[in-house]
Structures are given as C-alpha cells and as structure tokens.
Number of protein chains: 2
Amino acid sequence: MLSDVMEDYLKAIYQLQRDHDERIKTSEIAEALDVTSPTVTSMLEKLEDRGLVDREKYRGVTLTDEGETVALEVVRHHRLLEAYLTEHLDYDWSEVHAEADRLEHHISEDFEQRVADALGQPTVDPHGSPIPSADLEPPDRPNGESVTEFSEGDIVVVEEVADRDPEVLSYLADHGVEPGVELEILEVAPFGMVTARSSTSEDDVSLPEGVAHHVRVTSPVEAES
Amino acid sequence: MLSDVMEDYLKAIYQLQRDHDERIKTSEIAEALDVTSPTVTSMLEKLEDRGLVDREKYRGVTLTDEGETVALEVVRHHRLLEAYLTEHLDYDWSEVHAEADRLEHHISEDFEQRVADALGQPTVDPHGSPIPSADLEPPDRPNGESVTEFSEGDIVVVEEVADRDPEVLSYLADHGVEPGVELEILEVAPFGMVTARSSTSEDDVSLPEGVAHHVRVTSPVEAES
DNA sequence: GTTTAGGGTTAGACGGGTCTAAAACCGAAT
DNA sequence: ATTCGGTTTTAGACCCGTCTAACCCTAAAC
C-alpha cells in the first residue's frame with residue numbers, strides 16, 4: 001500500500017521529531033534522505049493526502065498518529081533486524097545498519113514475529129536504541145540524555161550509541177564506548193567536544209560534537225526514573 | 001545498477017529456460033510475472049540494451065551469459081533464503097517461497113555469505129532445488145526428471161518438488177511427497193495425472209498434471225549418473 | 001499462394017519519484 | 001515599514017514500469 005520510499009520519509013520524520021520536538025522542516029528531511037527540497041515537498045503532499053502527516057505550508061510537518069504508527073513499524077523492523085544480525089549472523093554492531101536499512105521494508109509480519117521470537121522479544125537493539133513494541137504504541141521518551149549535557153568529573157553509563165556510520169562505531173567500540181560501559185567525563189570543550197575515559201579502555205576518547213550528540217548516557221546515581 | 005524488476009525478469013526467463021530449452025516467448029514471461037505483453041516487450045528492449053538477453057523480434061529471447069549470471073545470483077539468494085528460513089526461523093517449507101521472493105533482491109553479498117556459512121554451504125533448498133554455487137557457474141542439468149515420465153509399478157525417489165503454491169506444498173507434505181521419500185507409481189492417467197503411494201504415508205496421492213510436472217524424481221537403480 | 005488467427009510490437013498515456021530553474025514566501029535586519 | 005536572505009513551493013522535465021488500444025508479423029490452414 002505504501003511504497004518503500006514513503007516509509008523512508010515517515011521514518012526520517014519520526015527520527016527527526018525525536019531529536020528536537022518541533023515541526024520538521026523540508027530541508028531537514030532533504031538532508032536526512034539525501035534528496036532535494038522540491039522532491040521532499042512533493043512527497044509531503046502525497047503523505048498529507050494519505051493522512052500520514054500534518055502539513056502547514058512553509059512551516060514544516062509533523063506525523064499524524066497513523067504516520068507515527070507506520071514509522072514505528074519500520075523502526076521496529078530495522079532494530080529487530082539489527083539485533084538479529086548481530087546475534088545470529090555474526091555481524092558486528094558497526095556493520096549492521098546498512099543491511100537493516102535494505103531489509104526493513106521487505107519483511108512480512110510473520111518474519112518480524114519469528115525474528116522477535118528467536119531473540120526473545122528484545123527491547124533494545126545493539127546500539128542501545130529502544131525497539132518499538134509489537135503493538136506500535138509510541139514509546140516513552142528515549143533513555144538518558146546526550147553526553148554533552150554532562151560536565152567534567154561526572155561518571156555516566158552509556159545507554160545508547162545512535163550513530164549510523166560504521167567507521168565511527170568501530171572507533172567508539174575500539175575506545176570502549178558501547179552501551180553498558182561506564183564513562184568518566186574528562187572535559188567538555190566549549191565547541192561541544194567531549195573527552196572521556198571508558199572503564200573498559202586505557203586510552204581517553206574524544207568525541208567531536210556531532211558524535212557526542214549521538215551518545216546518550218544516564219547518571220548512575222539517578223539511574224531509576 | 002539493475003532494478004529489482006529487471007532481476008525478476010531475468011530470473012523468470014532463466015526458470016522458463018530450464019523447462020523447455022527454446023527461446024522464451026513474450027507471452028510466457030507475461031504469464032509468469034503477471035504482467036501484460038507490451039510491458040514485457042519494453043522490458044526486454046531494456047535488457048537487450050544492457051546485454052542481458054539476446055532478442056529476436058517476434059521470436060522470443062534467451063539469456064546471455066551475463067544475464068544468466070544475474071539470474072543465478074538471484075536464484076542463489078532465493079534458495080539460500082528458503083533454506084535459512086526453514087532451518088533457523090522455523091518456517092515450514094510450504095511457506096517459505098513468498099518471503100524469499102520479497103527478500104531476494106535486497107540482501108548484500110555479505111549477507112548471502114553469512115547465511116551460506118550458517119547453513120554450511122548447502123547445495124539444495126528445502127524443495128530439493130539446487131542452489132547455484134557462489135561462483136555462479138551454470139549448474140548441470142537439474143536432478144531427476146518429471147514423475148510424469150514414469151509409469152505404473154515404477155519405484156522412484158523424490159528429488160525435487162518445485163511447486164510454489166503453499167497450498168499445494170502442504171497437501172503434498174501431508175501425503176508424504178517430499179524430497180527424499182520413495183514413491184510407488186500406481187497409475188499414470190492419459191491426461192497426465194499421476195497416482196502414487198509414498199513410503200511415508202498410508203494414503204494414495206493423486207497429482208494432477210500441473211502438479212506432477214513439478215515433482216522431479218530419480219529411479220533408485222540408476223541413481224548415480 | 002492467400003488468408004487468417006493469434007501473439008508481438010508500436011504508440012501513447014499514467015503514476016511514482018526524482019531533478020533543475022524560477023517564483024513565492026517568511027522572518028529578521030534595517 | 002521595507003528590504004533582503006534563505007527556504008519553500010511551483011512549474012516543468014525525465015526515467016521507470018506499467019497499462020490499453022491499435023497495428024503488425026508469423027505461421028499454420030486452406
């Protein structure tokens with residue numbers, strides 16, 4: 001019923017919406033999907049016709065409930081696949097994203113369920129990102145907050161590393177930045193770069209702003225919220 | 001580089017070519033892909049431009065070597081997926097075809113290899129159909145011959161059940177017609193229907209011509225060829 | 001050797017998804 | 001209040017894969 005491409009747009013909007021909680025601008029979507037703005041505009045018209053987004057001309061879009069459900073379905077597929085590939089097909093967490101992106105639109109409900117069963121109904125993927133539940137109810141706010149919110153001396157535990165770039169992920173893994181590990185914040189530079197030391201690595205790691213932004217952590221003291 | 005649809009055409013031509021060894025007609029492809037003939041004609045022009053088929057106007061097409069290689073790749077994907085789904089995700093052999101059809105165009109080389117490894121480099125899929133090898137060399141003639149070639153009293157062993165319809169496959173499984181089992185031919189009706197009894201079932205099975213045609217068997221005496 | 005039935009091909013249209021170029025709009029700065 | 005910069009949308013084009021309608025070819029029948 002919906003094309004792959006439409007699903008991609010909805011997923012992109014959903015993920016942008018997670019970050020900053022405002023209407024999503026055409027140019028952001030264009031950027032995210034590597035497409036020009038006129039292309040986005042025309043796609044948004046179609047999504048609006050189908051009742052999947054609320055659009056206000058010149059002011060961006062938000063997902064309707066229906067649109068969000070579709071997005072959640074796609075994200076669920078994506079993250080289940082990521083989990084399955086690392087768990088059962090020996091993929092490294094850094095490699096998994098591209099493959100899941102290819103497959104996420106082409107699996108049946110049946111397949112989704114069997115994969116979820118094989119994994120024991122997991123709730124997070126290998127990057128620590130929450131897997132939407134099978135009922136596709138919008139999940140609560142994401143775990144933790146960006147590591148950039150903390151400051152020198154803080155001890156935090158990594159919840160999620162949401163970067164997509166395999167190079168970056170390999171680098172992070174090499175320096176002990178993975179979900180579950182403890183990090184001591186050594187420095188937060190004014191231009192946003194975070195330097196830290198992982199409990200599982202000797203060396204310090206420096207995370208330029210763009211990378212640090214994708215590393216979500218919690219403070220171990222107030223871990224239960 | 002090649003679209004999914006092009007791959008589908010090449011796969012269809014390949015499989016039609018396996019059956020009867022002549023040029024493949026437009027209408028056969030149209031039938032196989034559930035598409036009209038003009039659509040096929042225009043697609044064949046594109047495939048010809050890309051050097052994937054040899055076309056003679058009004059006389060059908062054959063695959064070029066390059067076209068055959070592409071088809072083999074797709075078939076390899078398809079059959080590896082079928083094998084993996086039954087082996088590791090608890091699918092029944094009757095359900096597996098549709099899912100593999102969806103996924104076959106969207107898996108990476110890497111994924112293909114990991115699946116093949118996980119299965120121990122299998123050479124046949126759950127229906128007994130040969131899986132093209134990783135080097136994509138054209139395989140030898142298929143195993144066995146159609147059960148319709150045999151006659152009353154013959155004992156044969158099922159090599160391959162190449163039907164795609166889940167209903168038919170379930171029916172066959174229920175009556176003990178699966179790769180590896182022995183069949184006694186009870187009757188071959190003039191209109192092509194074959195009646196047989198499986199060594200693993202009490203009841204007789206009758207296979208209408210269309211179905212029987214997809215059941216390939218070997219005679220156990222001359223099993224090694 | 002003509003005719004003719006039937007399948008194949010051309011012609012032209014359409015929707016999807018994309019682009020570039022040009023016009024329209026918003027909002028901030030003067 | 002006006003202008004200006006930057007973003008968004010409109011306009012128009014293109015390719016893909018598909019369709020229907022009309023035309024054409026082949027091969028078999030006479």
Side-chain angles (χ1 to χ4, degrees), chain A residues 1-14 16-17 19-20 22-63 66-67 70-71 74 101-102 104-106, chain B residues 1-17 19-20 22-63 67 70-71 74 101-102 104-106:
Chain A
M1 194 98 303
L2 290 185
S3 70
D4 299 1
V5 176
M6 285 178 176
E7 290 184 357
D8 279 331
Y9 277 81
L10 294 172
K11 176 180 148 196
I13 295 166
Y14 175 78
L16 290 165
Q17 224 164 238
D19 286 357
H20 59 72
E22 294 151 27
R23 305 187 77 77
I24 305 305
K25 292 186 297 182
T26 301
S27 54
E28 295 179 86
I29 302 170
E31 164 82 26
L33 295 177
D34 194 27
V35 124
T36 61
S37 335
T39 303
V40 175
T41 299
S42 81
M43 188 69 242
L44 292 179
E45 281 166 8
K46 287 170 200 162
L47 294 174
E48 190 183 23
D49 290 347
R50 284 176 150 80
L52 298 165
V53 301
D54 279 330
R55 194 160 96 92
E56 244 179 280
K57 268 202 199 160
Y58 295 101
R59 313 203 117 89
V61 290
T62 57
L63 293 176
E66 199 189 338
V70 174
V74 178
D101 252 1
R102 264 193 286 280
E104 62 190 6
H105 307 296
H106 306 287
Chain B
M1 195 97 303
L2 290 184
S3 70
D4 299 1
V5 177
M6 285 178 174
E7 289 184 357
D8 279 331
Y9 277 81
L10 293 172
K11 176 179 148 196
I13 297 167
Y14 176 78
Q15 276 164 347
L16 291 165
Q17 224 164 238
D19 286 355
H20 59 72
E22 294 152 26
R23 306 187 77 79
I24 306 305
K25 293 187 295 181
T26 300
S27 53
E28 295 180 84
I29 301 170
E31 163 83 27
L33 295 177
D34 194 27
V35 125
T36 60
S37 338
T39 303
V40 175
T41 299
S42 82
M43 188 68 242
L44 291 180
E45 280 168 7
K46 288 172 200 160
L47 294 174
E48 188 183 26
D49 289 348
R50 283 175 148 82
L52 298 165
V53 301
D54 278 331
R55 193 161 97 94
E56 245 180 280
K57 268 200 197 160
Y58 294 100
R59 314 206 115 90
V61 289
T62 57
L63 293 176
V70 173
V74 178
D101 251 4
R102 265 192 286 282
E104 63 190 4
H105 307 296
H106 307 287

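Atom-to-atom, NZ of B/K57 to P of D/dC23 comes out at 18 Å; the value is rounded to the nearest Å. Here C/dC25 presents its P atom at 15 Å from CD of A/E56, a figure rounded to the nearest Å. Following rounding to the nearest Å, B/L33 (CG) and D/dG17 (P) show an atom-to-atom distance of 12 Å. Rounded to whole Å, atom C1' of C/dG6 lies 16 Å from atom CD of B/E31. The OH-C1' distance, from B/Y58 to D/dT26, rounds to 9 Å in whole Å. In this structure, B/K25 places its NZ atom 14 Å from C1' of D/dC25, rounding to the nearest Å. Between A/M43 atom CE and D/dT9 atom P the separation is 14 Å, expressed in whole Å. Going from atom CG of A/L47 over to atom C1' of C/dG15 covers 15 Å, rounded to whole Å.
Considering only side-chain N and O atoms, B/S3 lies under 4.0 angstrom from the phosphate OP1 or OP2 of D/dG17. For B/T26, a side-chain nitrogen or oxygen approaches OP1 or OP2 of C/dT9 to under 4.0 Å. In terms of phosphate contacts, B/R55 brings no side-chain nitrogen or oxygen within less than 4.0 Å of OP1 or OP2 of C/dG8. Within the structure, every side-chain polar atom (N or O) of A/S37 is placed at least 4.0 Å from both OP1 and OP2 of D/dT7. For A/Y9, no side-chain nitrogen or oxygen approaches OP1 or OP2 of C/dG16 to under 4.0 Å.
Between B/A71 and B/L10 the shortest heavy-atom distance is CB-O, 3.7 Å. When all heavy atoms are compared, the tightest approach of B/A30 to B/T36 is CB-C, 4.1 Å.
A donor-acceptor pair under 3.5 Å links the side-chain atoms of B/Q17 to the main chain of B/L63, judged by distance alone.
Considering only side-chain atoms of B/K46, the nucleotide from D/dC16, D/dT9, C/dT9 that sits closest is D/dC16. Here the side chain of B/S27 is nearest to one of C/dG7, C/dT20, C/dT9, namely C/dG7. The side chain of A/E45 lies closest to D/dT10, out of D/dT8, C/dC19, D/dT10. Here D/dT26 is the nucleotide among D/dG17, D/dT26, C/dC19 with the atom lying nearest to any side-chain atom of B/R59.
More than 12 heavy atoms of other residues, nucleotides or ligands shown are found within 6.0 angstrom of CD on B/E45.
Ranked by how close their nearest DNA chain D nucleotide is to the 5' end, B/R50 and B/T39 are led by B/R50.
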* From CA spacing to verdict: side-chain contact (heavy atoms from CB on, under 4.5 Å), B/L2, B/R50 -> CA-CA 10 Å; B/L2 290 184; B/R50 283 175 148 82; 3.5 Å; yes
